[in-house]
S.K.: 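One structure, as structure tokens, below. Some questions next.
The structure displayed is predicted, hence computed values, not measured ones.
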Amino acid sequence: MTRLFLNTLRAIAACAVCALSLSSCHTTEENYKASYDIAVQKSRQGIGEEAYNKIEAEKHQATDVINGDSVRIVNRYVGYIDVSREETKLYSVILAEFKQRANARSMRDRLIAKGHKSYVLYYATDKLYYVVVEGFDTAEEAAAFIHDADKKVKMKVNLSKLWILKRLY
């Protein structure tokens, strides 16, 4: 009888230890934020806050003047998501960048539903999916689209950071 009592007691103790260990493993907002902050610091690879902010600001600087407007044009080798190279244009107006393919596809689908000729491009160096709102044969056409984007884009989205990607072959 004592052996049965000891085995039962051991089983109860094991259950209590499991319950305590499981309850301490849940993710909290504090834990998530701390992990996120550590990941951001690692991604900067020792770059100070001021230098990092300058790099980010340079990413969004206008780099060319077309028809009197300053426009950011970036040359990139890109991959094609759910579209062939022949279906894309040389100059693409980029509306958004995503780390997740599903998010990029979702925005592309909403743009297509609103009548845009949208597609997704993948930039492997930064592991980013670019959502193209419209593609054009010339930089002038793309710049004109950006200039009048508030009238042409049929979705309520932030249009202040539109830029042009020139596809490299």
Side-chain angles (χ1 to χ4, degrees), residues 27 29-30 32-45 47-169:
T27 303
E29 191 171 332
E30 292 171 357
Y32 179 79
K33 172 107 173 74
S35 296
Y36 175 79
D37 290 341
I38 290 168
V40 167
Q41 289 301 326
K42 283 183 181 178
S43 72
R44 293 181 184 177
Q45 299 174 354
I47 298 173
E49 188 73 25
E50 186 176 329
Y52 179 79
N53 290 336
K54 284 182 182 179
I55 291 168
E56 286 299 308
E58 285 179 14
K59 283 183 181 179
H60 300 289
Q61 283 184 336
T63 58
D64 219 336
V65 176
I66 299 175
N67 297 331
D69 285 333
S70 294
V71 182
R72 179 176 172 229
I73 300 178
V74 178
N75 300 319
R76 297 247 160 100
Y77 290 99
V78 292
Y80 307 96
I81 306 298
D82 303 330
V83 67
S84 68
R85 189 176 133 233
E86 292 75 29
E87 296 173 280
T88 65
K89 300 290 186 172
L90 182 60
Y91 294 92
S92 300
V93 177
I94 306 300
L95 176 67
E97 303 170 0
F98 292 98
K99 291 275 188 187
Q100 301 292 322
R101 181 186 300 201
N103 294 340
R105 284 178 167 163
S106 175
M107 179 168 270
R108 176 208 55 202
D109 292 345
R110 289 184 293 160
L111 286 163
I112 289 172
K114 295 285 186 179
H116 294 284
K117 296 175 185 132
S118 182
Y119 49 90
V120 177
L121 301 173
Y122 180 67
Y123 182 52
T125 302
D126 289 344
K127 297 179 183 170
L128 288 174
Y129 295 91
Y130 296 141
V131 178
V132 177
V133 65
E134 295 278 346
F136 300 93
D137 293 321
T138 67
E140 290 77 16
E141 291 173 306
F145 181 88
I146 289 176
H147 181 73
D148 294 328
D150 56 336
K151 297 173 192 148
K152 294 180 179 179
V153 177
K154 300 167 186 146
M155 282 178 53
K156 291 185 179 182
V157 291
N158 182 3
L159 301 173
S160 65
K161 294 184 180 178
L162 289 176
W163 57 280
I164 300 170
L165 179 135
K166 181 182 179 189
R167 180 187 70 208
L168 297 175
Y169 292 95

S.K.: Test side chain to side chain contact (heavy atoms under 4.5 Å, CB included) on V71 and W163; report intermediate values, then the result.
M.R.: CA-CA 7 Å; V71 182; W163 57 280; over 6 Å; no
S.K.: Look at the side chain of S118 and the backbone N and O of L111, then say whether any donor-acceptor pair between them is shorter than 3.5 Å.
M.R.: no
S.K.: How many angstroms lie between CG in L128 and CZ in R101, if you round to the nearest 0.5 Å?
M.R.: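 Taking CG in L128 and CZ in R101, the distance rounds to 13.5 Å.
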S.K.: Is there a side-chain contact between L95 and V157 (heavy atoms, below 4.5 Å)?
M.R.: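 Counting from C-beta outward, L95 and V157 do come under 4.5 Å.
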S.K.: Let me see the working for V132 and V93 under side chain to side chain contact (heavy atoms under 4.5 Å, CB included), right down to the final yes or no.
M.R.: CA-CA 5 Å; V132 177; V93 177; 5.5 Å; no
S.K.: Once rounded to the nearest 0.5 Å, what's the spacing between atom CD1 of I146 and atom CZ of F136?
M.R.: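 I146 CD1 to F136 CZ: 8.5 Å, rounded to 0.5 Å.
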S.K.: Excluding sequence neighbours, so at least two apart, what forms ring pair (Phe, Tyr, Trp, His ring centres under 6.0 Å) with Y91?
M.R.: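 By the ring pair (Phe, Tyr, Trp, His ring centres under 6.0 Å) rule, Y91 matches no residue at all.
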S.K.: How close do A149 and L162 get, heavy atom to heavy atom, and via which atoms?
M.R.: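 Looking at all heavy atoms of both residues, the shortest contact is CB-CD1, 3.4 Å.
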S.K.: Does anything in residues 142-155 form a salt bridge (charged side-chain N to carboxylate O under 4.0 Å, His left out)? List the pairs, not counting sequence neighbours.
M.R.: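 Counting only pairs at least two positions apart or across chains, no salt bridge (charged side-chain N to carboxylate O under 4.0 Å, His left out) contact touches residues 142-155.
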S.K.: Please round to the nearest 0.5 Å and tell me the distance separating atom NZ of K89 and atom CG of D137.
M.R.: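 The distance works out to 4.0 Å.
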S.K.: Quiz question: by atom type and distance under 3.5 Å, do the side chains of R167 and T88 form a donor-acceptor pair?
M.R.: yes
S.K.: Would R76 and K166 satisfy side chain to side chain contact (heavy atoms under 4.5 Å, CB included), going step by step from the backbone distance to the final call?
M.R.: CA-CA 6 Å; R76 297 247 160 100; K166 181 182 179 189; over 6 Å; no
S.K.: Looking only at heavy atoms, what is the nearest atom pair of A143 and I164, with distance?
M.R.: N-CD1, 3.8 Å
S.K.: What residue pairs, at least two apart or across chains, pass ring pair (Phe, Tyr, Trp, His ring centres under 6.0 Å) with a residue in residues 95-122?
M.R.: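 Those involving residues 95-122 are Y122-Y129.
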S.K.: Nearest 0.5 Å, what's the CD-OH distance between E97 and Y123?
M.R.: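 If we round to the nearest 0.5 Å, E97:CD and Y123:OH are 10.5 Å apart.
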S.K.: Using every non-hydrogen atom in the two residues, find where I81 and R108 come nearest and quote the distance to one decimal.
M.R.: O-NH1, 4.2 Å
S.K.: Just how far is it from atom CD1 of I94 to atom CD of E134, taken to the nearest 0.5 Å?
M.R.: 12.0 Å
S.K.: Let me confirm one number: the NZ-NZ distance from K114 to K156, rounded to the nearest 0.5 Å.
M.R.: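 Here the interatomic distance stands at 9.5 Å.
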S.K.: Would you confirm whether N158, through its side chain, and S160, through its main-chain N or O, come within 3.5 Å as a donor-acceptor pair?
M.R.: yes
